[in-house]
Amino acid sequence: MQAWEVAPRRDPGFRAAVRARLAAPGGVSWMEYLRLHAAPVAAACGLALVAGGWIGHKEATARTAADREQLAEGYVRALDARTMPMP
Amino acid sequence: MRNLLYTAILALVIGAAATAGFYFSQRDPELSRAARAQDAMTWLRLEFHLTPAQETAITKLQSEYAVVCTEHCLAILDARKRAAPELAALEQTCTDSMRKHFTQVAALMSPGEGERYLKEVLPRIDRFAHAASPNVGVTN
């Protein structure tokens, strides 16, 4: 066994074959694709998470400010005799 | 290409879920309900952190002021119908009365909240268009 050496034969078309397999329709499953591109997929999902969270936060803040403004304006207006409608 | 599309859809779903999650978690549902119901007392309670005792006292004060406000309203409407020269004086009486009422309400709040309340409401007195109609109830 000590004399045994592994000497794999180099396949110059290996990389091209992998690329072709990836590009071929139905070449790899989506799960396999995610595994092969884990870093960029994680980055894209992380970016989507941060962007979505930021948009949600901004929308919630704007909605709360609009609710507050509507209530404050209506509160003062309801106590203002000058704004009462004609009967 | 199909896998890229699936991945893009996944990212979009994550983004949409994050938007919805942050939106609903950071909104104030009680304030939203108050805005929909045009319930100004709930706004006062939430915004200025009123205790139940303060809320009760302010509600009572506002009910009393509603009588005064109605008297001013009738006088102003009458003066408008007659195009009476005292209209400006009546409107001035109305705004003076509102300022006094808001100051009384502020006095019932905690000191810092009362100051914040006055900063919120006093500038609005002069900003109103006179023809607009009220749309928010102020009593419970």
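Reminder, nothing fancy here: chain letters follow the sequence lines and each chain counts from 1. Quick caveat, the model's predicted, so the values are computed rather than measured.
- Each of B:Leu10 and A:Ile55 belongs to its own hydrophobic cluster when Ile, Leu, Val, Met, Phe, Trp and Tyr are linked at side-chain heavy-atom distances under 4.5 angstrom.
- A continuous path of Ile, Leu, Val, Met, Phe, Trp and Tyr side chains, each step under 4.5 Å between heavy atoms, connects B:Val13 with B:Leu5, placing both in one hydrophobic cluster.
- In this structure, chain A has heavy atoms under 4.5 Å from both the backbone and the side chain of B:Tyr6.
- Only the side chain of B:Ile76 comes within less than 4.5 Å of a heavy atom of chain A; its backbone N, CA, C and O stay farther away.
- By the rule that hydrophobic residues join a cluster once side-chain heavy atoms approach within less than 4.5 Å of another member, B:Leu4 and A:Met31 end up as members of one cluster.
- The CZ atom of B:Arg33 lies 11.5 Å from the CG atom of A:Asp67; values are rounded to the nearest 0.5 Å.
- When heavy atoms are compared at a cutoff of 4.5 Å, B:Ala34 approaches chain A by way of both its backbone and its side chain.
- Expressed to the nearest 0.5 Å, how far CG of A:Asp80 lies from SG of B:Cys69 amounts to 7.0 Å.
- The contact list for residues 99-108 of chain B toward chain A, using heavy atoms and a distance under 4.5 Å, reads B:His101, B:Phe102, B:Val105 by residue number.
- Scanning both residues, B:Glu120 and A:Ala72, for their nearest heavy atoms gives OE2-CB, 3.8 Å.
- Using a 4.5 Å heavy-atom threshold, the side chains of B:Thr19 and A:Trp54 count as separate.
- In this structure, chain B has a heavy atom under 4.5 Å from the side chain of A:Leu34, while its backbone stays farther away.
- A:Gly53 approaches B:Ala18 most closely through the heavy-atom pair N-CB, 3.6 Å.
- For B:Asp78, the side-chain hydrogen bond (donor to acceptor under 3.5 Å, both in side chains) partners two or more places apart in sequence, or in a different chain, are B:Arg82.
- The side-chain heavy atoms of A:Leu71 and B:Glu47, taken from C-beta on, include no pair separated by under 4.5 Å.
- In this structure, A:Glu59 contributes its side chain and B:Tyr23 its backbone to no donor-acceptor pair below 3.5 Å.
- Closest of all the heavy-atom pairs between A:Ala48 and B:Ala11 is CB-O, 3.1 Å.
- B:Leu44 touches chain A through its side chain: at least one heavy atom from C-beta onward sits under 4.5 Å away, while N, CA, C and O do not.
- Remark: A:Arg15 engages A:Arg19 in a side chain to side chain contact (heavy atoms under 4.5 Å, CB included) (not counting sequence neighbours).
- When the shell of 6.0 Å around CZ of B:Phe48 is examined, it contains more than 12 heavy atoms from other residues, nucleotides or ligands.
- Between chain A and the options B:Ala8, B:Cys94, B:Ser25, heavy-atom pairs under 4.5 Å are most frequent for B:Cys94.
- One hydrophobic cluster, built from ILVMFWY side chains closer than 4.5 Å, holds both A:Val41 and B:Ile14.
- The heavy-atom pair separating B:Met98 from A:Leu79 by the smallest distance is CG-O, 3.5 Å.
- B:Gln26 places none of its side-chain heavy atoms less than 4.5 Å from the side chain of A:Arg63.
- Residue B:Leu12 is not grouped with residue A:Tyr33 when hydrophobic side chains (ILVMFWY) are merged at heavy-atom distances under 4.5 angstrom, including chains of intermediate members.
- No hydrogens or angles considered: a donor-acceptor pair under 3.5 Å links the side chains of B:Thr7 and A:Trp30.
- Put simply, the side chain of A:Arg82 does not reach to within 4.5 Å of the side chain of B:His72, judged on heavy atoms.
- Panel note: side chain B:Arg124, backbone A:Tyr75; no donor-acceptor pair is recorded below 3.5 Å.
- The closest donor-acceptor contact from the side chain of B:Asn3 to the backbone of A:Val28 lies under 3.5 Å.
- Options A:Cys45, A:Ala60, A:Ala44 differ in how many heavy-atom pairs under 4.5 Å they form with chain B, and the most are formed by A:Ala60.
- Remark: A:Thr61 engages no residue in a side-chain hydrogen bond (donor to acceptor under 3.5 Å, both in side chains) (not counting sequence neighbours).
- Using a 4.5 Å cut-off between heavy atoms, B:Thr95 touches chain A through its side chain atoms alone.
- Atom-to-atom distance recorded for A:Gln70:CD and B:Leu31:CG is 9.5 Å, nearest 0.5 angstrom.
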